[in-house]
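Given the structure is predicted, the values throughout are model-derived calculations rather than measurements.
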Amino acid sequence: MHFWGRLTLDAFKHDWIEYGAGISIILGAVGVIALFTHLKRWKWLWTEWITTVDHKKIGVMYLIVTFIMLAKGLVDGLMMRAQQALAVGDHWGYLHAEHFQQVFTAHGVTMIFFVAMGIVFAVANLILPLQIGARDVAFPFLNSMSFWLFASGSLYILVSLIVGSFAGTGWTSYPPLSGIKYSPGEGVDYWLWSIQISGIGSLISGINFLVTTLKMRCKGMTLMRMPIFVWAILVTMILIIFAFPVLTATIGMLSTDRTILTKLFTAESGGNPMMYVNLIWAWGHPEVYILILPIFGVFSEFVPVFSRKKLFGYTSMVWALFAITFLSFVVWLHHFFTMGAGANVNAFFGVMTMIIAVPTGVKIFNWLFTMYRGRVKFTTPMYWFLGFVIVFSIGGMTGVLMAMPAADFQFHNSLFLIAHFHNVIIGGVVFGSFGGFAYWFPKFTGFKLNETLGKCAFWCWLFGFLIAFMPLYALGFMGATRRLNQYSNPSWQPLFILAGFGALLIATGVAFQVAQVYVSIKQKDKNKAGNDPWDARTLEWSTTSPPPFYNFAIEPEVHSRDAFWEMKKAGDVPKDVEYKEIHMPKNTPAGFYIGAISFVFGFSRSFINSKI
């Protein structure tokens, strides 16, 4: 029975795992609808959140979507580890090969585009305007639209559990596998529209935050007086503006290959699939730094606060950020050293890859020197920072090892590569975001998170990560390839089982984090934080906690770095005052409508057959 193009009853047929996931999504949605109906909060939801252009509320909504997608990504990871622990010899595990391919593709897309990128825009929205003394971002409506495009893009991954299936091509979807000949279903189209729609939102946000940083700083805040976090967001937005148009064009060309058979990447028709690989990584490696640079900024904010010292080497940190920004565009080819580019080309990109480790190392040493001889207070954020130093440094060292083309010939496409990548992304982006969450949580709630449960979560994450991913280095040396759903070598199984145990320990850490938030909310009256609970250094702590919708009654004026710290030393802390009427932008539903229309368009395009 045909409803619309490829949308038939077969699109609703799944295996028992997908049925369970789809039913849980439907029940969750029904539960949320019932809750808001019972509490009669639909009007409040619409006027206060869905139509808002307040950067702080948009930041919170980014966090909500990110946490939902993080849960989805973690479940995908647990499923893969369980499959690999079981599927040895004559035992094929509990996932068939096609389903496993969809799981690892969805896991990569979820974690890169809708967890890590969600963290970037959440923290930029929540913190940057407050740190530069601004009342909002430069273009509030575009900020709302960017979020709803991001949220709409994320929905395709969840919808694929109910209608149709997701791509099984890997998160980068190389042709010819992603072409219409080898992937004729809707899965790759879901992938295309998920990334295209959210990517356009990311590009718009990049422009928005670049203009905000350059044009909306408060009086006296010169470039060299900006907090390092603001510098990190600035260079990140420069990366987004230069890198994401490449992604948009690349996905657009793959879309035309699938819909009107342009065959740009089809070798048998004169196209060049290697052009796709070059283009996707010309975006893809700057993307790694788009994810990690804001987290470098996060560490640069709370390490000085909890060390009771100013940040060591401010100027060198700024120049290191710009060095990373430039070098990130000249290292992409290390992702395909094995594809015959030639010795000279491989040597150049290998050297550039090693050099980019230098400014990154500068930052780690600067943070450690900030702690040196400081009065360090070991709060939960500092635990996450020290865990980052250990895990991220391991990832950096293995990255330098893989920068040698001769070594990469052995490690390429192996689990060694997977372990390296997770060392960098989990050790950097995830650990850093958890540290920033604990640090800035009182700013937006007025109370602190429970320290005991937070530290329990940290230890589970740290040891869980090491147990889950260190065995993958050994398996990579032994010849285990990535995306492996079944293997015949029984000597690998103990290491896969150990990795699965580590994943369960990470899940335990997540349970502690959920308990931490629940207990903290329940005990919020006992844990009131005040406006400046950490004796902090930057302007976001100079206003009330939570901040008012206008951020500052009187826009601040600064005369030095660490502006709030200097104000406190001089006894010139801003006080609550009567303020003149402040013009703030009005709420609008237009961003929500654009996001919804984009989702419907992408969904419909995914199920229309191409007729040439």
Side-chain angles (χ1 to χ4, degrees), residues 43-66 117-154 197-219 221 226-227 229-230 233-234 236-238 240-241 244 294 440 443-444 539-540 542-556 579-599:
K43 184 177 180 181
W44 167 83
L45 181 66
W46 178 262
T47 57
E48 294 294 323
W49 292 93
I50 292 176
T51 62
T52 188
V53 293
D54 182 352
H55 69 93
K56 298 177 292 296
K57 290 183 177 179
I58 291 172
V60 171
M61 290 193 292
Y62 268 111
L63 280 182
I64 292 170
V65 174
T66 297
M117 287 298 292
I119 290 168
V120 170
F121 291 119
V123 73
N125 269 286
L126 289 167
I127 305 303
L128 184 136
L130 289 165
Q131 281 205 341
I132 63 174
R135 291 199 169 118
D136 209 320
V137 296
F139 307 112
F141 163 66
L142 292 183
N143 198 25
S144 169
M145 185 176 74
S146 296
F147 165 73
W148 286 113
L149 290 173
F150 170 83
S152 298
S154 71
I197 290 171
S198 63
I200 292 171
S202 297
L203 179 59
I204 293 170
S205 285
I207 297 169
N208 199 352
F209 283 105
L210 179 69
V211 175
T212 300
T213 304
L214 294 179
K215 303 297 290 184
M216 298 191 68
R217 302 188 307 277
C218 65
K219 187 176 180 180
M221 185 172 281
M226 295 193 309
F229 174 80
V230 179
I233 294 297
L234 175 64
T236 298
M237 298 307 145
I238 292 171
I240 287 174
I241 289 169
F244 267 80
W440 279 305
K443 179 74 251 171
F444 298 96
L539 283 180
E540 74 269 27
S542 67
T543 186
T544 58
S545 298
F549 72 95
Y550 49 81
N551 291 348
F552 301 96
I554 297 177
E555 292 183 353
Y579 63 92
K580 297 179 181 179
E581 185 175 351
I582 298 171
H583 173 73
M584 295 297 291
K586 293 183 179 179
N587 288 1
T588 172
F592 173 76
Y593 293 150
I594 291 170
I597 292 169
S598 299
F599 171 77

Counting distance only, does the side-chain N/O of Asn587 pair as donor-acceptor with the main-chain N or O of Thr47 below 3.5 Å? yes
With a 4.5 Å limit on heavy-atom distance, are the side chains of Pro129 and Met216 in contact? no
Does Phe139 reach the side chain of Ile204, with side-chain heavy atoms less than 4.5 Å apart? no
Any chance you could measure Ile240, atom CD1, to Leu210, atom CG, to the nearest 0.5 Å? 10.0 Å
Under a plain distance cut-off of 3.5 Å, with no hydrogens placed, do Lys57 and Asn125 share a side-chain donor-acceptor pair? no
Looking only at heavy atoms, what is the nearest atom pair of Phe244 and Gly199, with distance? CD2-O, 3.7 Å
Minimum heavy-atom distance between Met237 and Phe121, given as atom pair plus value: CE-CE2, 4.1 Å
Answer whether the closest heavy-atom distance between the side chains of Met117 and Thr66 falls below 4.5 Å. no
Main chain of Ala134, side chain of Asn551: is a donor-acceptor contact present, judged purely on distance under 3.5 Å? yes
Taking Arg135 first and then Glu555, would you say they form a salt bridge - that is, a charged N and a carboxylate O separated by under 4.0 Å? yes
Keeping the roles fixed (side chain from Thr543, backbone from Phe552), state whether a donor-acceptor pair exists under 3.5 Å. no
Is the shortest side-chain heavy-atom distance between Ile197 and Phe599 below 4.5 Å? no
Between Arg217 and Val230, is any pair of side-chain heavy atoms under 4.5 Å apart? no
Side-chain (Lys443) to main-chain (Glu540) donor-acceptor, under 3.5 angstrom: yes
Any donor-acceptor pair under 3.5 Å from Thr51 side chain to Trp46 backbone: yes
Atom of Ala590, atom of Phe141 and distance for their closest heavy-atom approach: CB-CE1, 3.5 Å
Output for pair (Phe549 CZ, Asp136 CG), nearest 0.5 Å, gives 10.5 Å
What is the distance from atom CG of Asn208 to atom CG of Leu203, rounded to the nearest 0.5 Å? 11.0 Å
Taken to the nearest 0.5 Å, the spacing of Tyr550 OH from Asp54 CG works out to 12.0 Å
When the ring centroid of Phe229 is compared with that of Trp440, is the distance short of 6.0 Å? yes
Under a 4.5 Å cut-off applied to non-hydrogen side-chain atoms, are Leu539 and Leu130 in contact? no
In short, Ala138 meets Thr212 closest at the heavy-atom pair N-OG1, 2.8 Å
In short, Thr236 meets Pro294 closest at the heavy-atom pair OG1-CD, 3.3 Å
Shortest non-hydrogen pair, Cys218 vs Pro556, comes out as CB-O, 3.2 Å
If we check side chain to side chain contact (heavy atoms under 4.5 Å, CB included) with Phe209, which of these qualifies: Leu214, Leu234, Ile241, Asn143? Asn143
Name the orientation class of the two ring planes belonging to Phe150 and Tyr62 (parallel below 30°, tilted from 30 to 60°, perpendicular beyond 60°). tilted
Drop me the distance from Met145's CE to Tyr593's OH, to the nearest 0.5 angstrom. 16.0 Å
Between Ser202, Ser198, Ser205, which is the residue that forms a side-chain hydrogen bond (donor to acceptor under 3.5 Å, both in side chains) with Ser146? Ser205
Run the side chain to side chain contact (heavy atoms under 4.5 Å, CB included) check on Thr52 and Ser144 step by step: do they pass? CA-CA 7 Å; Thr52 188; Ser144 169; over 6 Å; no
Show the numbers, then the answer: is there a side chain to side chain contact (heavy atoms under 4.5 Å, CB included) between Leu126 and Leu63? CA-CA 10 Å; Leu126 289 167; Leu63 280 182; 3.9 Å; yes
